[in-house]
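Read through the structure below, which is laid out as C-alpha cells, and then see the notes.
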Amino acid sequence: MREFRPMPRYNPSTVEPKWQGFWSQNRTFATPKLPASDKLYVLDMFPYPSGAGLHVGHPEGYTATDIVCRFQRMRGKSVLHPMGFDSFGLPAEEYAIKSGVPPRESTEKNIATFTRQLKRLGFSYDWDRVLATTDVEYFRWTQWIFLQLYDTWYDKQSERGRPIAELPIPEEIKQAGDDAVRDYQDDHRLAYQHEAPVNWCPALGTVLANEEVKDGKSERGGHPVVRMPLRQWMLRITAYADRLERDLESLDWSYGIKKLQSDWIGRSTGADVDFFIGEGSRGDGPGDEGSLQSAFEDWKCGRASSGFPEKPGEDVLRIYTTRPDTLFGATYMVIAPEHPFVERLTTAEQSAAVTKYCEEAAHKSDLDRTQLAKKKTGVFTGSYAINPVNGEAIPIWIADYVLISYGTGAIMAVPAHDERDFEFAQVFELPVRSVYEVPIKAFHGTGEPSEDAKAESEQFYQWREEVYEGRACFSGEGKAIRSGKYDGIETPEFKKRIIEDVSSEGVGRGAVNYKLRDWLFSRQRFWGEPFPILHELDAEGKPTGRIRAVSESELPVNLPHLDDFKPHGRPEPPLDKAPEDWLYPVIDGVKYKRETNTMPQWAGSCWYYLRFIDPRNDKAFVDPEKERAWMPVDLYIGGAEHAVLHLLYARFWHKVLYDRGHVSTIEPFQKLVNQGMILGEVEMTGYQTESGDWVSAADVTEDDEKQPVHKKSGAALKSVKVENEDAEKSGENFVLKADQSIRLVSRAHKMSKSRGNVINPDDVIEEYGADALRLYEMFMGPLEATKPWSMQGVSGVKGFLDRAWRMIVETDAEQMQLNDAVNDIELNADQNRVLHRTIKAVTEDIESLSFNTAIARMMEFVNFFTKEEPRPKRAMEQFVLLLAPYAPHIAEEMWNVLGHSSSLAYETWPTHDEALIKEATIEIPVQINGKVKVTVNVASDADRAAMEAAARADEKVAGLLKNANVAKVIVVPNRLVNFVVKP
RNA sequence: GCCGAAGUGGCGGAAUUGGCAGACGCGCUGGAUUCAAAAUCCAGUUCUGGCAACAGAGUGUGGGUUCGAUUCCCACCUUCGGCACCA
C-alpha cells in the first residue's frame, strides 16, 4: 500500500475524496426545513438512472447549478439544491425482460452507481432529500395527485379546476337517475377514460402519447406505431391550453423555448361556421338545387331568430376556419374519413368508392399518412352543402388531409388561398376562385432595380395573373374582391366584420382551437405507477362500467410481485397477470378489479420539485408552509429535449394543484435555462471508394439512408477517419496533405456507442480530477451552446489548477505548507486593480451564467500573481473564494493551507471596490477616417479637449494632419479620438 | 415547407447602449532547464508581402446606414435543432 501523507503537489485523487468526506460528515449542505434568509431554489432536471451510468452531458448542467448554489450560499442566501432519480420507465423493464433481473433491483443498482458518480463530482446537494420516483413513499403521492385530477373538473366560466362535487348537474341529467349523473361527472373529470384511436406500438407492447411518436415511429426505439381504437385514461390538458399559453409570458425562459411550447399548444383563432346540408345524401347539386335551396332559406330564417346553437344539429356541417374572410372563395368542402356524417352524406352511387376510401384511411398508420403526404387523395360523397354567406351549393368531399381530431373534422376548402386545398383541387380538377387582390410587392433598396430585380418583378406579375385565373395559390392577406359587400376591405378588418355578421345571423361565431390534444396517460407496461382506480364487477365477474377511486387512506397502491411482465403484443397490460388478491379487492362486499394500466414515465417528473421541499412527509405530498416558503423554483437547468413534454406536463399538473389550493404559485419554474449538447471530439473524415481511392467531399452526397454515395455515379462510399496531421487547410476547406484535391469534412458528432466517441466522466476524473472536469465543462463555451469535447482542453484547465496550486502551496516542501512567496503584506495599486477587476468580473459573470468568461478572468489573475513576489496573502484568500464554486475541492484544500480550519462554503463572498479598479492613465486609439494610426496615453479623467490635444501632440498624428483638411474631430471620452479628413 | 439558434485565427471561444477584432485556453514554432524525457518557465503565433520598420486585407456572401459596423437595416447562402397536412 502506498504511504499516505500530505502531498505538496496538487493531487486531486487525495484532495477530492477528503473534502467529499468532510462535506458528507459535517452535513455541510443540509438545508433547513424553512429558509433562514432569502431563499433560492435551484433545480437540476433529475436523471433517468440508466445502466450506462452518468455521461458527460449530466455534469454540464449540474456544475452550472452547483456554481450558482455555492456562490449564493456565500452571499448569504438559503439555498435549496436537491437531487433525485426519475427511475420508472421502459429501459429498466426492457433490461428486465432480457436479463431476468427484476426492474426494482436493476433500478436500485443504477441509482447507487449514479449516486456514487454524482458524489465524486462534489456537487453540493442536500443528500438528505434524495428521492426516486420509484420509491413507494414517493409514488404514493403521485397516485394522490392523480386522484386530485380525477376529482377535478374545469369550470370554463371561472377558468379554473374545481372539485367534481361542485359540478352543476343539468336538470334533465338529474332526472335520468344516478347512473346518468355519474356518467355526466365522469365526462367532465380532468382524468377520464376514453375510447379513441391511439398510437399502439406492438414492439413495445404499449400505447404512446402523440408526443412520443415521431414520423410514425416510437421516439424510444424507433418501432413502428399503428393507430387502433382502445379505451385509455386521458388527462384533460386541453382545458388548460389557454392558461398554459398565456402564463408563458410571466416566465424568464428563452424566447425559443417559449415559442416551442406555444407552437405545441398551437392556439389559433377564427370562426365556426355552419353549412346547411338539409337531410343529407340527396345529391342536391347544381343540377337539382330546388329543394335544398328552399330548405336553406327556411333554415337561415330560423337561425336568424334562434341564434347559433352550442352543438350543431343534423342538418348542418360545422366547420372551423382561421380565414372566415375567404368564405366567398369556398368551392368545395372536405370532411375527415372518420367524420360521423360520412354515411349520411354518401349517395348510393358514391357508396362503394367512399367505403373503400375510408377503409384504406383507417388502416393507414401515421407513418403512411405522412409519407404519402406528397399527393392528396380523396373521394366525392355525392352530396352538397350550402355556403351560408352566398347561398351557393358546393360539393362535399372526403379526404385524409383533414384530421378528425382537430377543429370539427370538417373544413370549407378555399383552393385559391390555401396551399393544401389548392393541391387537392388540382388533383380532382375542382374550381378555384380567388377572392383577394394580390398586393404588389414593395422593392427593397434604392435607385434603379437591377436586372435580377426586373426579372423577379416580371415573374411576380405572371404569378399574380395565375392566381386571378385560378392556376396558382395566394395564402397571404390583402384587399377583398368578389366578396359582395366586403369588397375592398383589408383582411384583418374583413375577419372582424364577417365574424360579427355571421354571428348576428346565427350561422357562425368566433372560435378558438388548439393543436394540443388531451394527454394519453395510460401505458400497458409493468414498471410504472399503478392507477389508484378500481373497476366494479357484477356477480358474474363482469365489469359493470362503474369505477371507484381508491381512497386516500388506502394509498399507496404498490406494484405486485410479477414473475412475467413481458409484453405479448396484445393490449392487455402485464398487470392482468397479477396475483388474485392484488387484482381483485373486495370492498363492502363488492368485488372490484384493479386498473391494470400504469402511468407513463412523465408522471413522476411532473411534481418531484415539490416533493424535494418536504421529502419525508407522510401526511401530505408537501407541507403548505414549506411549499409557500420555497416555491417557485428560481432556476431550473436541463436539456432542451424536455422543452416541450416534461415542462408542459409539469406546468399542467402544477396549475391543477394550484386551482385545488395545494400550491401557492401559478407556475413552477420561474427561470429556465437549457444547456447545450456536448458532442464528441472533432473528427476529420474523408471518403473512399470500395477499392480505396479517395473521393473529394465536394463529390459526395447522401442517399436515402444517409449513407455517403458518389454524387455522379451514385456508388457507395466509405467514410474514413483521417488523422489531423494528414490534413491541412486550403482556403475554406480541409484537404488531404498527400492530395490537395481531396476535400475532407471536419465535424464533431453526437456521442454514441456505435461511433465510439463517448467520453466517460469516471475516466476523466481518474486522470484529471473532478475539479478539472467541472472547470472544463464550464470553460468549453456558453452554457446554452452545442460544443465539441476536447481532451486537450481538459488538460489545459488542469494546468490552470496546477498553477493556481503552486501560486499558493509550497511544492518543494515535504509537508503541506504555504508557498514562501505568500506573505501578510498590503496589496500595491496594480495588485489591487487586478484583484478587484477579477472579483467584479467573476461575480457579474456568475450572475449572468457566463461561466466561461469568469474562468478566463481567474486565469488572468493567476497569470498575473504567479509573477508577483512576494504575494499578498489576502489576495490569495480572495482568489480561493472566487474559485470555490467552480473547483470546490482544491479551493477547500488551499483555504486550509492558507490557515483556515473549517470549510469555506459559508465564507463571505468577496466584493470589489470600483475606486481601486480605476487607472490613472488609459491608452486610447487615435483614428484618421476611422482607421487606427497610433495609441496615446491620456489621464483617465481627461475631457474632450485634453484628449484631442493629446492626440494632436503625437508626432505621427501631427505629421499625418500637417497638410490635411480636418473636417471634423470625434472624441469619445475614455474611448477614442477620430479625425475626419477630407481630401 | 415552417419555426428557432448559430456562422469570428489551425481549434474551442472573447468582444454588441456601434468605438483598438481575436481576451482566455488548446495547438503550433523557437528558446531555457535536463544525461534524456516528462513536467515547468520564457518568447512568438489572424492572413498576405517584407530581414525589419511597416503596408494592405480581414468577423458566412452581397448591398445599405454611419466619422466609425462582428454589433444596426435589407436580401441571400450554409450548418445545427425542432415541427411537419392543425384548415
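As a basis for the values below, the full set of heavy atoms in this structure was taken, side chains included, without hydrogen atoms, waters or symmetry mates. Chain letters run A, B, ... following the sequence lines, proteins first, then strands; residues in each count from 1.
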Taking [Y]'s backbone N and O only, do any of them form a donor-acceptor pair with [X]'s side chain (distance below 3.5 Å, no angle check)?
{"X": "A:Asp421", "Y": "A:Ala416", "result": "no"}
{"X": "A:Thr321", "Y": "A:Arg323", "result": "yes"}
{"X": "A:Asn733", "Y": "A:Arg743", "result": "no"}
{"X": "A:Arg509", "Y": "A:Asp272", "result": "no"}
{"X": "A:Asn819", "Y": "A:Arg806", "result": "yes"}

Using the [atom1] atom on both, measure [N] against [M] and round to a whole Å.
{"N": "B:rA57", "M": "B:rA69", "atom1": "P", "result": "13 Å"}
{"N": "B:rU33", "M": "B:rA43", "atom1": "C1'", "result": "15 Å"}
{"N": "B:rC76", "M": "B:rU17", "atom1": "C1'", "result": "29 Å"}
{"N": "B:rA15", "M": "B:rG68", "atom1": "P", "result": "26 Å"}
{"N": "B:rU16", "M": "B:rU8", "atom1": "C1'", "result": "13 Å"}

What nucleic acid atoms does [X] come within less than 4.0 Å of, heavy atoms only: base, sugar-phosphate, or nothing?
{"X": "A:Lys259", "value": "sugar-phosphate"}
{"X": "A:Asn863", "value": "sugar-phosphate"}
{"X": "A:Ser268", "value": "sugar-phosphate"}
{"X": "A:Gly796", "value": "sugar-phosphate"}
{"X": "A:Tyr255", "value": "sugar-phosphate"}
{"X": "A:Ser790", "value": "nothing"}

>> Applying side chain to side chain donor-acceptor pair (under 3.5 Å) as the test, list every pair that has at least one member in residues 779-788 of chain A; sequence neighbours left out.
In response: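 Output for this query lists A:Glu60-A:Lys787.
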> Who passes salt bridge (Lys or Arg N to Asp or Glu O under 4.0 Å) against A:Arg975, sequence neighbours left out?
Replying inline: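 Partners of A:Arg975 by the salt bridge (Lys or Arg N to Asp or Glu O under 4.0 Å) criterion come out as none, since no residue qualifies.
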All N/O pairs under 3.5 Å across the protein-nucleotides 36-44 of chain B interface:
from	atom 1	to	atom 2	distance (Å)
B:rU40	O3'	A:Arg806	NH2	3.2
B:rC41	OP1	A:Arg806	NH2	3.3

[X] [atom1] to [N] [atom2]: how many Å, rounded?
{"X": "A:Lys931", "N": "B:rG56", "atom1": "NZ", "atom2": "P", "value": "7 Å"}
{"X": "A:Tyr514", "N": "B:rA87", "atom1": "OH", "atom2": "C1'", "value": "17 Å"}
{"X": "A:Glu784", "N": "B:rG4", "atom1": "CD", "atom2": "C1'", "value": "13 Å"}
{"X": "A:Lys968", "N": "B:rU66", "atom1": "NZ", "atom2": "P", "value": "10 Å"}
{"X": "A:Lys933", "N": "B:rA55", "atom1": "NZ", "atom2": "P", "value": "6 Å"}
{"X": "A:Asn387", "N": "B:rA87", "atom1": "CG", "atom2": "P", "value": "20 Å"}

>> Taking side chain to side chain contact (heavy atoms under 4.5 Å, CB included) as the criterion, tell me which of A:Ile928, A:Asp954, A:Val926 meets it with A:Lys933.
In response: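 The passing option is A:Ile928.
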> Looking at A:Phe424, does the NZ or CZ of A:Lys376 lie under 6.0 angstrom from its six-membered ring centre and within 45 degrees of the ring axis?
Replying inline: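 Not satisfied by the 6.0 Å and 45° rule.
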>> Quick check for you: among B:rC24, B:rA87, B:rC67, whose closest atom lies nearest to any side-chain atom of A:Thr321?
In response: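 Nearest listed nucleotide: B:rA87.
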> How about A:Phe800 and A:Trp805: are their ring centres within less than 6.0 Å of each other?
Replying inline: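 No, they do not, as the ring centres are separated by 6.0 Å or more.
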> Nucleotide by nucleotide, 5' to 3', does protein get under 4.0 Å of the base (B), only the sugar-phosphate (S), or neither (-) in nucleotides 8-16 of chain B, counting heavy atoms?
Replying inline: --SSBSS--
Between the protein and nucleotides 18-22 of chain B, are there any N/O to N/O pairs under 3.5 Å, and if so, what are the atom names and distances?
from	atom 1	to	atom 2	distance (Å)
B:rG19	N2	A:Gln927	OE1	3.3
B:rC20	N4	A:Glu923	O	3.3

> Reading RNA chain B 5' to 3', how would its secondary structure be written in dot-bracket notation, given Watson-Crick and G-U pairs with both distances under 3.5 Å, brackets [ ] for crossing pairs and | for partners on other strands?
Replying inline: (((((((..(((......[....)))((((((.......))))))((((....))))..(((((..]....))))))))))))....
